[in-house]
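See structure below.
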Amino acid sequence: FVIQTPPEWLKHYPRYLDALAIRLRKLLNAGLNRDVAAMQEIASLQAQHDERRARHQRDGMTDPELETFRWMLEELRVSLFAQELKTAIPVSSKRLKAQWARVKK
């Protein structure tokens, strides 16, 4: 994964790991309902990404806009599960939907 991760995003992995630790800590403090709601928000966006990525790979396509969408998903996870860490870029479900419109079909 290190070789495949763009350098501008690789530097954010420590923050992503911190976000994971915070998410797990919040789950232990009765945060399951909130976690489930946040996962539902992400699930459809993640499924969209995965389906399009598979199609692009099958067709031999590369799309920087899809890559951007993928990293925006990671930032949305930070925003939803560990907001205190702040995001590297402004992100929301609305921004992700706007980014999706730029992705090749």
Side-chain angles (χ1 to χ4, degrees):
F1 82 91
V2 173
I3 293 170
Q4 294 177 339
T5 303
E8 66 268 19
W9 290 106
L10 190 60
K11 67 183 179 185
H12 293 284
Y13 267 81
R15 188 169 47 85
Y16 295 152
L17 293 173
D18 288 344
L20 178 59
I22 289 170
R23 180 181 180 188
L24 292 173
R25 191 169 43 251
K26 287 179 179 181
L27 276 173
L28 295 174
N29 294 325
L32 181 60
N33 291 337
R34 185 169 181 221
D35 191 271
V36 168
M39 276 306 301
Q40 288 174 343
E41 184 174 345
I42 289 175
S44 64
L45 296 167
Q46 183 69 55
Q48 272 182 267
H49 170 270
D50 294 347
E51 180 184 319
R52 187 66 52 90
R53 182 171 181 225
R55 185 183 321 156
H56 283 191
Q57 286 178 335
R58 193 173 48 247
D59 296 342
M61 292 175 59
T62 58
D63 183 2
E65 300 296 347
L66 184 60
E67 255 322 277
T68 299
F69 185 87
R70 179 254 195 270
W71 292 106
M72 288 176 74
L73 273 173
E74 296 301 333
E75 292 299 322
L76 183 62
R77 284 183 176 91
V78 171
S79 175
L80 294 174
F81 298 116
Q83 190 173 27
E84 58 269 33
L85 294 179
K86 310 287 186 216
T87 59
I89 56 173
V91 68
S92 65
S93 292
K94 183 178 178 180
R95 287 179 190 261
L96 274 153
K97 288 175 184 170
Q99 177 62 29
W100 186 253
R102 297 181 193 97
V103 173
K104 293 178 188 172
K105 295 188 185 217

Handout entry: Pairs involving residues 32-44, ordered by first then second residue, that meet side chain to side chain donor-acceptor pair (under 3.5 Å) (sequence neighbours left out)
Key = Arg23-Asp35, Glu41-Ser93
Practice task
Could you pull out all residues at least two apart from Thr5 that satisfy side-chain contact (heavy atoms from CB on, under 4.5 Å)?
Solution key: Phe1, Trp9, Leu10, Tyr13, Trp71
Handout entry: Steps toward side-chain contact (heavy atoms from CB on, under 4.5 Å) verdict (Lys105, Arg52)
Key = CA-CA 8 Å; Lys105 295 188 185 217; Arg52 187 66 52 90; 4.0 Å; yes
Fill in the blank from the handout: Minimal heavy-atom distance between His49 and Leu73, with the atoms involved, is CB-CD1, 4.1 Å
Handout entry: Beyond-backbone contact of Phe81 with Ile22, side-chain heavy atoms, under 4.5 angstrom
Key = no
Problem - Common cluster, Leu24/Ile42, ILVMFWY with side-chain heavy-atom separation under 4.5 Å - result: no
Problem - Interatomic distance, Arg25 atom CZ to Leu20 atom CG [nearest 0.5 angstrom] - result: 10.5 Å
Handout entry: Pairwise distance CD1(Ile89) to NE2(His12) - rounded to 0.5 angstrom
Key = 8.0 Å
Problem - Side chain proximity check, Glu51 to Gln46, heavy atoms < 4.5 angstrom - result: no
Handout entry: Beyond-backbone contact of Leu66 with Lys104, side-chain heavy atoms, under 4.5 angstrom
Key = no
Problem - Polar side-chain atom of Ser79 near backbone of Glu75 as donor-acceptor pair, under 3.5 Å - result: no
Handout entry: Test side-chain hydrogen bond (donor to acceptor under 3.5 Å, both in side chains) applied to Gln48 and Arg53, step by step
Key = CA-CA 8 Å; Gln48 272 182 267; Arg53 182 171 181 225; over 6 Å; no
Practice task
Drop me the distance from Glu67's CD to His56's NE2, to the nearest 0.5 angstrom.
Solution key: 11.5 Å
Handout entry: Criterion side chain to side chain donor-acceptor pair (under 3.5 Å) against Gln99, the qualifying member of Arg95, Lys97, Arg102
Key = Arg102
Problem - Closest non-hydrogen atom pair between Leu96 and Met72, with its separation - result: CD2-CB, 3.5 Å
Practice task
Determine, step by step, whether Leu80 and Leu76 satisfy the side-chain contact (heavy atoms from CB on, under 4.5 Å) criterion, reporting the C-alpha distance in whole Å, the side-chain angles of both residues, the deciding distance to 0.1 Å, and the verdict.
Solution key: CA-CA 6 Å; Leu80 294 174; Leu76 183 62; 3.9 Å; yes
Exercise for the section: Could you tell me whether Lys26 and Glu84 have a side-chain N and a carboxylate O separated by less than 4.0 Å? Expected result: yes
Problem - Approximate separation, where rounding is to 0.5 Å, of Asp63 CG and Phe69 CZ - result: 11.5 Å
Problem - Under-4.0 Å salt bridge between Arg15 and Glu74 - result: no
